[in-house]
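I have placed the structure first, in the form of structure tokens, so that the comments after it can refer back to it.
In this text, all values refer to a predicted model and were calculated from it rather than measured experimentally. Counting starts at 1 for both ligands and their atoms, following the listed order. The analysis underlying the following values was restricted to heavy atoms, covering all of them including side chains, and did not include hydrogens, waters or symmetry mates.
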Amino acid sequence: MEIIRSAGEMQSHAEKIRSSGKRIGVVPTMGYFHEGHTSLIRIARERCDVVVTTIFVNPAQFGTGEDFEQYPRDFERDKALAEEGGTDVIFAPDAEEMYPPGFGTFVVPEDGASILEGQVRPSHFRGVVTVVVKLFHLTKPHIAVFGQKDAQQVFVVRRMIRDLNFDIDLVVAPTIREQDGLAKSSRNLYLTAAERAEAPLLYQALKEAESLAALGERKAEKIRAAVSEVLQRAKLATADYVAVVDPETFREVGELHPPLALVAVAVRFGSARLIDNILISVSSKG
Ligand code: PAF
């Protein structure tokens with residue numbers, strides 16, 4: 001496995017791989033790997049000749065007062081897990097390499113990026129999309145693998161790929177969960193033992209939405225109320241939002257429509273902000 005830190009070197013290496021007719025799969029990450037990340041690496045491994053895993057805690061997607069400084073980092077551990085998962089190249093630039101002095105160009109997503117995560121974290125998706133565009137230019141992938149846990153990020157990146165004519169297939173991998181349903185996340189580390197005990201309520205709340213929809217409930221308001229009721233059992237948490245959106249547009253809906261609705265939640269437990277979502281199949285019969 002190679003480790004590349006320079007943007008120029010990454011780009012010329014990717015160009016050589018492409019010219020030799022090999023397919024590149026990129027897995028963009030901020031490191032501190034858990035099974036969610038390694039599942040993305042394995043998916044890229046199955047579909048491509050060369051897997052590039054990027055590790056970069058992107059300052060541009062953190063707002064003032066957010067957890068950029070505290071964000072967990074462990075390069076040696078990540079290196080071992082990346083290699084075990086089948087990574088060929090780790091691209092791990094530092095902030096100066098990605099944003100050199102004088103950097104002044106950002107890619108700003110519009111509609112759908114200003115609600116939910118975008119409302120709570122106003123410059124977040126501008127930072128995400130900008131870094132993803134840069135990572136795509138540097139790693140020249142045929143496919144890019146992202147996790148469904150960040151459903152709004154998937155929406156924003158998919159639309160950017162389409163709008164900016166990137167010739168890249170986006171592969172979305174399912175959320176990996178702990179046994180009790182809590183979605184794996186590097187930020188779970190911030191939870192105290194008491195908060196960790198309550199955290200599975202996020203998934204239980206989402207499953208409640210799924211059950212209601214399966215019983216025929218179509219009113220988003222009723223689904224949101226049922227999800228909020230379950231979340232209120234988490235005494236140490238406050239909900240940032242509970243939303244029912246059309247996953248194609250990321251607009252909030254009044255009613256669930258076939259084929260799919262997405263229920264998304266964000267909850268704060270002290271310093272930990274957790275997000276999760278569930279895609280619900282909506283049949284036309286109701
Ligand atoms: O999902 C993440 O870890 C980050 O948002 C990403 C896509 C690596 C961009 O920094």
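In terms of protein heavy atoms, atom 3 (O) of ligand 1 is closest to Met30 CG, 3.5 Å. At the shortest separation from atom 10 (O) of ligand 1 among protein heavy atoms lies Gln61 OE1, 2.6 Å.
With contacts defined as side-chain heavy-atom distances shorter than 4.5 Å, the pair Asp150/Phe146 does not qualify.
Considering backbone and side-chain N/O of Thr29, none are found under 3.5 Å from N/O of ligand 1.
Figure legend: cation-pi geometry between Arg273 and Tyr71 absent, as NZ or CZ is not positioned both under 6.0 Å from the six-membered ring centre and within 45° of its axis. Taking the ring axis of Tyr32 as reference, the NZ or CZ atom of Arg77 stays within 45° of it and closer than 6.0 Å to the ring centre.
Against a heavy-atom cut-off of under 4.0 Å, Phe146 is close to the following atoms of ligand 1: 7 (C). Proximity to Gln153 (heavy-atom distance under 4.0 Å) selects the following atoms of ligand 1: 1 (O), 2 (C), 4 (C), 5 (O), 7 (C). In the vicinity of Val131, heavy-atom distances shorter than 4.0 Å reach the ligand 1 atoms 9 (C), 10 (O). Here is the list of ligand 1 atoms found below 4.0 Å of a heavy atom in Pro28: 8 (C).
At distances below 3.5 Å, not a single donor-acceptor pair connects side-chain atoms of Asp276 with backbone N or O atoms of Ile278.
Side-chain atoms of Tyr190 and Asp67 form a donor-acceptor pair, as typed in the model, at a separation below 3.5 Å.
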Item checked: Step-by-step side-chain contact (heavy atoms from CB on, under 4.5 Å) determination, Val89 to His13 -> CA-CA 10 Å; Val89 179; His13 191 59; 3.8 Å; yes
